[in-house]
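Please read all numbers here as calculations on a predicted model, not as lab measurements. Letters go in sequence order (proteins before strands), and every chain restarts at 1.
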Amino acid sequence: MAATLSTALDVYFTGHNSDPKRTNFFTKPLWQNPNRKLTIYCKSSKSPPKGTPNLEESGTKNPSLSEQLRPLTRTTISNTTKEESPLLSKPKSIWVNPTKPKRSVLALQRQKRSSYSYNPRVRDLRGFAYKLNASGISEGDFLAALEEMPHPPTGENALLILNSLRPWPKTQLFFNWIKTQNLFPMETIFYNVTMKSLRFGRQFQLVEDLAHEMMNDGIEMDNITYSTIITCARKCNLSHKSVEWFEQMYKTGLMPDEVTYSAILDVYARLGKVEEVLSLYERGRASGWKPDAITFCVLGKMFGEAGDYDGIRYVLQEMKSLDVQPNLVVYNTLLEAMGKAGKPGFARSLFEEMIESGIYPNEKTLTALVKIYGKSRWAQDALELWERMRQSRWPMDFTLYNTLLNMCADLGLVEEAERLFEDMKQSDHCRPDSWSYTAMLNIYGSGGNVEKAMALFEEMPELGTELTVMGCTCVIQCLGKARKFDDLVRVFGISIERGVKSDDRLCGCLLSAVSLCSEGRDENKVLACLQQANPKLVGFVQLLLEERTSFEDVKEEFKGLISNATTEARRPFCNCLIDICRNRNLREKAHELLYLGTLYGLYPGLHNKTGDDWCLDVRSLSVGAAQTALEEWMGTLSRIIQTEETLPDSFSAQTGTGTHKFSQGLANSFASHVKKLAAPFRQSAEKVGCFVATREDLVSWVKSRVPSPAITA
DNA sequence: GTAGGGTTAG
């Protein structure tokens with residue numbers, strides 16, 4: 001197969017420029033580009049059925065879309081940055097050169113389904129299919145039962161049965177049986193129905209086998225066939241296959257209709273290929289296509305995943321200008337997207353707009369909104385919404401209940417969560433499940449309520465609720481902070497017995513517990529747990545604690561350790577390791593680790609310099625790491641002061657405000673460390689969570705204490 | 001699940 005659409009577009013959009021930023025085809029639509037030369041798209045004059053690939057000719061007479069677009073790869077398009085919002089400055093999509101009509105990329109008429117007259121045998125046949133669906137029936141019994149079909153297996157009757165069979169192995173058996181009976185020609189619809197059933201079972205290989213069979217037997221593949229293949233591949237995480245078959249369709253001379261087209265847009269959207277999606281979208285629009293709500297869902301979801309607020313606004317604007325009314329699914333998708341783009345206020349207005357337009361929210365709508373308010377710490381809005389949900393008797397399901405519990409965890413609403421959890425226990429349909437227990441363990445764990453967390457931990461197996469690794473992590477963290485190391489070891493052992501597979505986050509919590517242990521028995525017990533979960537991490541701790549370990553050894557091992565850890569776990573690992581060193585008075589090693597962490601990008605934005613202010617931002621650091629960073633900073637500053645380089649007017653250190661109810665209070669420990677060093681930082685009156693010092697105070701402090709081992713470390 | 005496309009939980 002020729003270059004795929006994605007490779008062609010990759011070249012096109014990146015061109016000679018390696019900058020992957022968004023190109024500005026919105027400000028200058030492709031079809032207004034004078035350099036544009038699209039290969040004339042031509043249908044094969046010969047007559048294999050439309051849609052059936054002719055393997056010898058494919059790629060020559062009917063160019064794929066990527067081949068049509070290939071000349072564009074030579075076009076230079078300037079880049080714009082995201083901040084310029086090219087989406088919003090997009091002019092109307094008007095074809096300006098009528099002498100060279102633009103080649104269409106999709107058929108404007110949706111494929112018509114064949115209409116069938118009412119089959120009076122429908123009840124009998126369905127009933128027969130349901131019997132075949134009964135579980136436990138063997139292949140032999142199944143085939144034997146087919147002899148007792150209540151009506152003769154005409155095409156119409158067979159189709160009705162085929163449509164009612166599930167799961168896929170039965171559909172497949174029946175499909176193969178009708179083929180061997182040879183009673184009527186196998187039309188496209190039989191393949192389409194069978195493929196759909198296979199798709200439910202995520203059997204892409206079987207779907208593809210059927211597609212090849214159609215090609216070999218000269219059976220027409222239509223838009224329904226292709227869209228089923230494309231979505232099946234996508235659902236099986238085989239997006240390259242989706243793209244291949246989409247390309248294949250163009251080569252056979254079959255134009256995608258809007259369903260197939262939006263299916264492929266979804267494939268690209270899920271691959272995060274925003275530029276390709278927008279190019280296809282614009283090409284479709286230029287062909288006279290009026291996208292429907294489903295297409296806008298695809299676009300909205302894509303922009304949400306990218307956290308692209310401008311993109312979401314673009315979708316809303318396009319719907320408005322095309323007079324497409326958003327439906328419930330569109331609203332749900334856009335709400336979710338607004339959350340991902342970090343726009344709780346816009347999500348709130350969109351929700352109100354939806355209600356005003358007369359659309360009732362469903363569970364998914366409310367789940368999206370509750371999640372947004374929780375994550376944004378919008379307690380008042382969250383509680384008001386919750387009250388409104390109760391009063392309006394809006395629908396609830398498991399996900400919504402559990403999202404409400406997670407919202408309570410985010411906002412520190414312990415009593416509300418307990419009430420809700422009790423409601424769930426009393427309910428008929430939404431008894432607390434593994435997610436609910438995990439949420440409650442999170443609430444008790446992060447709130448330091450050891451007794452209640454342990455009670456739930458004990459209760460779970462009695463009710464047959466599965467313990468998740470996250471639930472286990474919450475309990476371990478809670479016990480570590482409470483310094484109940486014997487219980488911690490017991491909980492770890494039980495969790496592993498209960499089938500919890502430890503991950504990097506759990507290891508991070510164990511490592512954090514190690515940092516809280518005093519040297520000796522407790523430490524050894526916790527390290528023994530960690531040894532089971534991640535022996536390399538234990539090896540590294542031991543290396544650190546050995547006196548004679550050189551910086552080079554630490555550096556080498558640290559690199560291996562960090563590159564094996566998941567991205568989210570890397571900084572916590574480094575923070576805990578620094579804490580462990582500081583607790584053992586291995587201050588130099590703590591500084592080495594902070595240096596290495598910075599070197600490997602674990603602390604981006606730690607230092608921020610503007611002309612009149614130098615700022616140390618320790619908000620993502622542990623207590624020990626923050627102290628180390630402060631010392632390091634003071635050391636650097638004293639060297640700068642001694643060499644009499646230019647300094648700003650003020651210095652500041654950000655510890656954060658600790659808005660979260662359960663946060664550790666980094667500010668307090670930072671304040672006491674500043675005091676210990678007698679450094680001239682004061683809590684800022686205007687900015688909470690910010691410590692400030694003037695240049696004069698800092699310079700005189702540095703001069704008064706030089707030389708000091710602490711600041712030259 | 002009515003031959004094909006879109007939305008909820010660390």
What nucleic acid atoms does [X] come within less than 4.0 Å of, heavy atoms only: base, sugar-phosphate, or nothing?
{"X": "A:R126", "value": "base"}
{"X": "A:T295", "value": "base"}
{"X": "A:S197", "value": "base"}
{"X": "A:V193", "value": "sugar-phosphate"}
{"X": "A:T228", "value": "sugar-phosphate"}
{"X": "A:T194", "value": "nothing"}

> Can you pull the salt bridge (Lys or Arg N to Asp or Glu O under 4.0 Å) pairs that have at least one residue in residues 253-262 of chain A, sequence neighbours excluded?
Replying inline: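 Every salt bridge (Lys or Arg N to Asp or Glu O under 4.0 Å) pair that includes a residue of residues 253-262 of chain A, provided the two are not neighbours, is A:R110-A:E258.
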Taking the minimum atom-to-atom distance to the side chain of [X], which one of [options] wins?
{"X": "A:V329", "options": "B:dG5, B:dG6, B:dT8", "value": "B:dG6"}
{"X": "A:S114", "options": "B:dT8, B:dA3, B:dG6", "value": "B:dA3"}
{"X": "A:N163", "options": "B:dT8, B:dG6, B:dT2", "value": "B:dT2"}

Is any NZ, NE, NH1 or NH2 atom of the basic residue among [X] and [Y] found under 4.0 Å from an Asp or Glu carboxylate oxygen of the other?
{"X": "A:D266", "Y": "A:R270", "value": "yes"}
{"X": "A:E459", "Y": "A:K425", "value": "yes"}
{"X": "A:E244", "Y": "A:K241", "value": "yes"}

With hydrogens left out and only the distance checked, is there a donor-acceptor pair under 3.5 Å joining [X]'s side chain and the base of [N]?
{"X": "A:R113", "N": "B:dT2", "result": "no"}
{"X": "A:T333", "N": "B:dT7", "result": "no"}
{"X": "A:R110", "N": "B:dG5", "result": "yes"}
{"X": "A:N332", "N": "B:dG6", "result": "no"}

Taking atom [atom1] in both [N] and [M], compute the distance separating them and give it to the nearest angstrom.
{"N": "B:dA3", "M": "B:dT7", "atom1": "C1'", "result": "24 Å"}
{"N": "B:dT8", "M": "B:dG1", "atom1": "P", "result": "16 Å"}
{"N": "B:dA9", "M": "B:dG5", "atom1": "C1'", "result": "25 Å"}

>> By a 5.5 angstrom centroid cut-off and a 30 degree plane limit, is there stacking between A:W435 and B:dA9?
In response: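 Here the ring of A:W435 and the base of B:dA9 are stacked, with centres under 5.5 Å and planes under 30°.
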> Could you state the CG-C1' distance from A:D397 to B:dT8, rounded to the nearest angstrom?
Replying inline: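 So the CG-C1' distance, A:D397 to B:dT8, works out to 7 Å.
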> Side chains of A:P153 and A:F174: does their closest heavy-atom pair fall under 4.5 Å?
Replying inline: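 The answer is no, as the side chains (C-beta and beyond) never meet within the 4.5 Å cut-off.
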>> If you assign A:D292 and A:L400 each to the DNA chain B nucleotide with the nearest heavy atom, which residue ends up on the more 5' nucleotide?
In response: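 With A:D292 and A:L400 compared, the 5'-side residue is A:D292.
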